[in-house]
Amino acid sequence: TVASVTVKRGDRLTKPADPTKTGYTFGGWYTDKACTTAWNFANDTVREATTLYAKWDVASVSSVKVVDGKDGYTPVTNPVAGQVLKANVTCSDGTEIGTYPADDRVSYKWYYKESPDTVLGTESAYTVTSDNMGKTICLEVTVKGYNGKAVWEATAVDTTVERVKNVAELKAALDNA
């Protein structure tokens, strides 16, 4: 709620701080309830008793970042087998949604870029497996009450760990031969 102000006829209004409302983005001050005529604080003057209306736009999902599940903040671009991936969502109204505690407003879809209909998981966290090697993992998130969606795309899952494991197994086999 923004406090009422009293000004003299012909004076300009001082622009108040933008109000906030969870799930919405403030879209400006308007002279009509339909929010079609914006009030220009630099030029408009008060000529009579005036009510300004706040325009509210439904907030949207701005971005999703995938982080390492061990520390919860290191960004991941090239996941490796065994790594736990967790999603952090940012919305246009400043709302940030992490993976803990679980937020039932968020829907998650982990999938391969190469085959988007192959759903790998629907939880906020996903553990990379050796089956993911050489494929590009993606995450799509939507948030109830917010417009749009955000997509994160990794580079192909790093096969170095798998190669090192295979080299180690080969070396062990040769040593035992």
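- Nearest heavy atom pair, residue V64 against residue V151, reads CG1-C, 3.8 Å.
- Residue-environment remark: NZ (K113) stays at or below the threshold of 12 foreign heavy atoms within 6.0 Å.
- Between the CG atom in D57 and the NZ atom in K21 there is a gap of 11.0 Å [rounded to 0.5 Å].
- In the hydrophobic clustering of ILVMFWY residues, with side-chain heavy atoms under 4.5 Å counting as a link, V84 and I137 come out apart.
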After noting the C-alpha distance and the side-chain angles of K86 and V67, does the key distance pass the side chain to side chain contact (heavy atoms under 4.5 Å, CB included) rule?
CA-CA 5 Å; K86 292 190 174 184; V67 297; 4.2 Å; yes
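- For the atom pair CG (L139) and CH2 (W152), the distance works out to 7.5 Å, reported to the nearest 0.5 Å.
- Judged as a side chain to side chain donor-acceptor pair (under 3.5 Å), the pairs with a partner in residues 28-44 (not counting sequence neighbours) are, in order, D32-T36.
- Within the structure, every pair that satisfies the side chain to side chain donor-acceptor pair (under 3.5 Å) test and touches residues 103-112, not counting sequence neighbours, is listed here: D103-R105, Y112-N132.
- Closest approach of V128 to V80, counting heavy atoms only: CB-O, 3.3 Å.
- To the nearest 0.5 Å, atom OG1 of residue T45 and atom CG of residue L13 are 9.0 Å apart.
- Counting all heavy atoms, side chain and backbone alike, C91 lies closest to S62 at C-OG, 3.3 Å.
- For Y24, the OH atom is loosely surrounded, since the number of other residues' heavy atoms within 6.0 Å does not exceed 12.
- Between the side chain of T118 and the backbone N or O of P116, no donor-acceptor pair lies under 3.5 Å.
- Residues N88 and E96 form no side-chain contact, since every pair of their non-hydrogen atoms from C-beta on lies 4.5 Å or further apart.
- The nearest pair of heavy atoms linking T136 to E153 is CG2-CG, 3.6 Å.
- Residue-environment remark: CD (E114) exceeds the threshold of 12 foreign heavy atoms within 6.0 Å.
- In this structure, the side chain of S92 engages the main chain of S60 through a donor-acceptor pair within 3.5 Å.
- Summarising the geometry, atom CG belonging to L120 is positioned 9.5 Å from atom CG belonging to D131; distances are rounded to the nearest 0.5 Å.
- Y73 and V141 fall into different hydrophobic clusters, where Ile, Leu, Val, Met, Phe, Trp and Tyr side chains are chained together by heavy-atom contacts under 4.5 Å.
- Across every non-hydrogen atom of A81 and M133, the tightest pair is CB-CE, 3.1 Å.
- Of the possible polar contacts, none joining the D93 side chain to the T22 backbone as a donor-acceptor pair under 3.5 Å is found.
- Taking every heavy atom of both residues into account, A54 and C35 meet most closely at O-SG, 4.0 Å.
- Cluster annotation: Y126 is not connected to V119 through the hydrophobic network of ILVMFWY side chains, with a link wherever side-chain heavy atoms come within less than 4.5 Å.
- R12 places no side-chain N or O within donor-acceptor distance of the main-chain N or O of F41, the cut-off being under 3.5 Å.
- Using modelled atom types and a 3.5 Å distance limit, the side chains of D68 and Q83 yield a donor-acceptor pair.
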